[in-house]
Amino acid sequence: MGKAPDRSQWAGNFGEWFHRVLSEVPVYDIRYPVKGTGVWTPYGFKIRKEVTDVIREELVKRGHEEVLFPLLIPEYMLKKEAEHIRNFEEQVFWVTHGGTTPLDVKLALRPTSETAIYPMFQLWINAYSDLPVKIFQIVSVFRYETKATKPMIRVREVSTFKEAHTAHATREEAEMQVKEGVEIYSRIFERLGIPFVKSVRPDWDKFPGAEYSVAFDTVMPDGKVLQIGTVHFLGQGFSKAFDIKYMKADGGYENVWQTCYGISERVIAALISVHGDDHGLVLPSRVAPIQVVVIPIVYKGREDEILRACVGVAEELEKAGFRVKLDDRKEETPGSKYFTWELKGVPVRVELGPRDFDKGTAVLVRRDSLEKVTVERTSLVEEVKSLLERIDLDLKERAKKWLDEQIVKKEDLEDAKKVLESRGGIVELNWCGNVGCGQDLEAKLDARVLGIPYEDSRNPEGSCVNCNSKANMIIRVARSY
RNA sequence: GGGGCCGUAGUCUAGCUUGGACUAGGAUGCAAGCCUGGGGCGCUUGUGAUCUCGGGUUCAAAUCCCGACGGCCCCA
C-alpha cells in the first residue's frame, strides 16, 4: 500500500506549484519572448487536444457546427456595437501596416469574434427557415492585457478560445439556447471532473453588449476564483447593430435573437489545478495522453522474460483500447520512472517484476491515491478498466468536495472579509440587489461580485449585509484571477 | 490610475548594501561511466551564464546612475 501523495505545496504555494508543473511536465513553455504568450509542448498539446475534443463532442451532439472565421477584423466592423467596443477598445492589437505601407483601414486581431461573425450572419440569414443558426470555432484571440499576465490564466494570446454563436427567431428560443449552453458546459466540466458554481453576473460585469451573462467559476488551490466559462444572452443588440433580420411567416421582418458562449484554455489550467498534487499532474482518463504506463521491474538474469511479458501486457492493453506506454528504458531505475509518469499524471501504472511473473500477477498503482493492488494477469484488462473508472469518479468527487468546502455563507461583512483574506474561496451573502450597494460591497471587501446563483431557489431571510435594507437575493463574492 | 521590488547557465538561486581576491559559487537538469534495481539512492567525469538589452560614471561594473524590455507585488 502506498500512501496518498502530499498536497502541501499544491495548497500552500500554488503559484510556484503551477509554474513548476507547467515547466517540468512540460505542458506549456512560457519562455517565448512575447509577453502573455506561451508554447504548447507536445505533451501539453495532447492534453489540450483531448480537452477540445470533449468540448467539440458536446457541442456537435447538440447540433452545433464548426466553422473558421478570419483573424482580422476591419476597424469599422469592430466598432459597430457601441458598448462592445467601449469595453474592448483598450485591449485590441492593431495591424496598421502592410509591409511599409500604412493601411487605409486598420485591422484588429480579434479580441473575440462577434463583430467578425455577425456581418456574415446578416448575409446568411434571410428567412425563419434559416434559423436557428448554431456555430462554433476554436481559435486564438488577442487581448492586450495591461495587468500582469499569468500562463494560461491571463494571457495576451488566448490560444484555445472556443466560441459558440447562435441566432434564433424569438426571445424565448434564444433564452432556451442559453439554458442549453449552460447544460453543455456543465456536461463538459463534469466530464473533466472540474467542479463549478454557476452565477448570473451582475449588470456591471456582464459581457459587453449582452443583456445578461451566466458564468461558471471554480476555486483554485490558493482560494482565488477562476472563471472557466460564460454563456451570454445577447438579445437583439448585435442583430440591430449588424442588421441581421429574417422574414417571418407573415411576411414581416424581425431582428434575430442571439446568444454566444465561450470557454478558453483556462479550463485546462483548472483541470491541471483542481486535480493535481505535489507529485505533479493527475489526469482524468478521458484527457490523459497516456492512460496506462507499463514498467518492467528488471533483475539481472531475468531481463528477457520480464521484458517480453511487459510487451505482451502493453499489447493486450492497447488492443483493449487504452492509450498505453511501455517504459522499457534500461538506463533508468524503476523509482525514477515512477516519478516521471506520476509527474505527467498517467492515471494507472502497471508494474511487472519477477515476483509477479512467477505468480501470474501484476501490480496496479493508481495515480490519485498511489494505492497498489495485485491482480491476476488474466483479468488485467478488466481490472484496469474498472480502476480507471474508479479513479475518474474519485477525482471528480474529491474536487467537488473541495469546492464545497470553499463556499461559505456569512451574515456580516467583517466575517466575510476575514474569510476572503485568510483562505479565500467564495462567500455567499444576503443582498438587496442595488447596483450601487453591490459596487460598494466590492470596494469594502476588496473582492469581486460573482453574481447571484443561477437557477437557485433559495430565498434570503433578513437584510442586506451592506446597506441593511431588505435582502432580495443571495450574492456570491470572491477574490478572483 | 498611483507606489514598490526584481532580472545571474534549461530551471531555482548565492554574490549587489560598502565597485577590485568573481577565473561569477551552489543545487537541480542534461550527457557519459560505474554501482544499483518493487520509490528520484550513491560515486566519478563532463556540459552549460557575452551576469536581460542599450547607454553612462570609473583606472576598474554582475555590483553605482539613466532608459528600454521582461517578471512580480501592493494600494485605489
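The figures here come from the full heavy-atom set of this structure, side chains too, leaving out hydrogens, waters and symmetry mates. Chain letters run A, B, ... following the sequence lines, proteins first and then strands; every chain starts at 1.
Here the separation of B:G55 from B:C12, taken at their C1' atoms, is 31 Å to the nearest Å. The separation of B:G20 from B:G1, taken at their P atoms, amounts to 40 Å, rounded to a whole angstrom. Taking atom P on both B:A62 and B:U23, the two are 9 Å apart, rounded to the nearest angstrom. Comparing the P positions of B:C6 and B:C65 gives an interatomic distance of 10 Å, to the nearest angstrom. Nucleotides B:G71 and B:U8, compared at atom C1', are 15 Å apart to the nearest Å. One C1' atom belongs to B:A9, the other to B:U52, and the distance between them is 14 Å to the nearest Å. Between B:G29 and B:A49, the two C1' atoms lie 15 Å apart (nearest whole Å). Of the C1' atoms belonging to B:U45 and B:G7, the separation is 33 Å, rounded to the nearest Å.
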Step by step, work out the side chain to side chain contact (heavy atoms under 4.5 Å, CB included) result for A:V225 and A:V197. CA-CA 10 Å; A:V225 158; A:V197 295; over 6 Å; no
Evaluate the criterion salt bridge (charged side-chain N to carboxylate O under 4.0 Å, His left out) for residue pair A:E315 and A:K319; output intermediate values, then yes/no. CA-CA 6 Å; A:E315 277 172 1; A:K319 211 171 288 169; 5.9 Å; no
Does the pair A:T374 and A:K359 meet the rule for a side chain to side chain contact (heavy atoms under 4.5 Å, CB included), with working shown? CA-CA 10 Å; A:T374 302; A:K359 283 186 290 183; 5.6 Å; no
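Rounded to an integer number of Å, the gap from CD of A:Q9 to C1' of B:C12 is 12 Å. Summarising the geometry, the separation between CZ on A:R20 and C1' on B:C12 is reported as 12 Å, rounded to the nearest angstrom. Rounded to an integer number of Å, the gap from CG of A:L343 to P of B:G29 is 12 Å. Between the CG atom of A:L22 and the P atom of B:C12 there is a distance of 13 Å, given to the nearest Å. Rounded to an integer number of Å, the gap from A:L370 CG to B:G39 C1' is 10 Å. In this entry the distance linking CG of A:D29 with C1' of B:U11 reads 11 Å, nearest Å. B:U11 atom C1' lies 8 Å from atom NE2 of A:H19, rounded to whole Å.
Under the side-chain contact (heavy atoms from CB on, under 4.5 Å) test applied with A:V141, the options A:T160, A:V158, A:L71 reduce to a single match, A:V158. The ring pair (Phe, Tyr, Trp, His ring centres under 6.0 Å) test with A:W40 is passed by exactly one of A:Y28, A:Y32, A:F45: A:Y28.
In this structure A:R201 satisfies the side-chain hydrogen bond (donor to acceptor under 3.5 Å, both in side chains) test together with A:D217, A:Q227, sequence neighbours excluded. The ring pair (Phe, Tyr, Trp, His ring centres under 6.0 Å) check on A:H279 picks up A:F339, with sequence neighbours excluded. Among residues two or more places apart in sequence or in another chain, the side-chain hydrogen bond (donor to acceptor under 3.5 Å, both in side chains) test is passed with A:E16 by A:N13. Residues forming a ring pair (Phe, Tyr, Trp, His ring centres under 6.0 Å) with A:Y338 (at least two apart in sequence, or on another chain): none. Checked against ring pair (Phe, Tyr, Trp, His ring centres under 6.0 Å), A:W94 has no partners two or more places apart in sequence or in another chain. Evaluation of the side-chain hydrogen bond (donor to acceptor under 3.5 Å, both in side chains) rule for A:N434 yields no partner, not counting sequence neighbours. Under the side-chain hydrogen bond (donor to acceptor under 3.5 Å, both in side chains) criterion, A:S8 pairs with A:D6, A:D278, sequence neighbours left out.
RNA chain B contains the following stems of three or more consecutive Watson-Crick or G-U pairs, with both distances under 3.5 Å: B:1-7 with B:69-75, B:10-13 with B:25-28, B:29-34 with B:42-47, B:52-56 with B:64-68.
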Whether each nucleotide of nucleotides 30-38 of chain B has a protein heavy atom under 4.0 Å at its base (B), only at its sugar-phosphate (S) or at neither (-) is summarised, 5' to 3', as ------BBB
Could you run through nucleotides 69-76 of chain B and give me one letter per nucleotide, 5' to 3': B if any protein heavy atom sits under 4.0 Å from the base, S if only the sugar-phosphate is that close, - if neither? -SSS----
Reading nucleotides 46-53 of chain B from 5' to 3' and marking B where a protein heavy atom lies under 4.0 Å of the base, S where only the sugar-phosphate is that close, and - otherwise, the string is --------
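Using a 4.0 Å heavy-atom criterion, one finds that A:E342 contacts the bases of the nucleic acid, with or without backbone contacts as well. A:R302 comes within 4.0 angstrom of no nucleic acid atom, judged by non-hydrogen atoms across all strands.
Relative to the six-membered ring of A:Y481, A:K224 meets both conditions, a distance below 6.0 Å and an angle of at most 45° to the axis.
By the 6.0 Å contact criterion, NZ on A:K409 is enclosed, its count of non-hydrogen atoms from other residues, nucleotides or ligands being greater than 12.
A heavy atom closer than 4.0 Å to some atom of RNA chain B occurs in no member of residues 434-445 of chain A.
Taking the six-membered ring where tryptophan is involved, the planes of A:F238 and A:Y118 are perpendicular, since the angle between them exceeds 60° and thus also 30°.
Note: A:F161 CZ to A:Q137 CD = 9.0 Å, rounded to the nearest 0.5 Å.
Side-chain polar atoms of A:E157 and A:T37 form no donor-acceptor pair below 3.5 angstrom.
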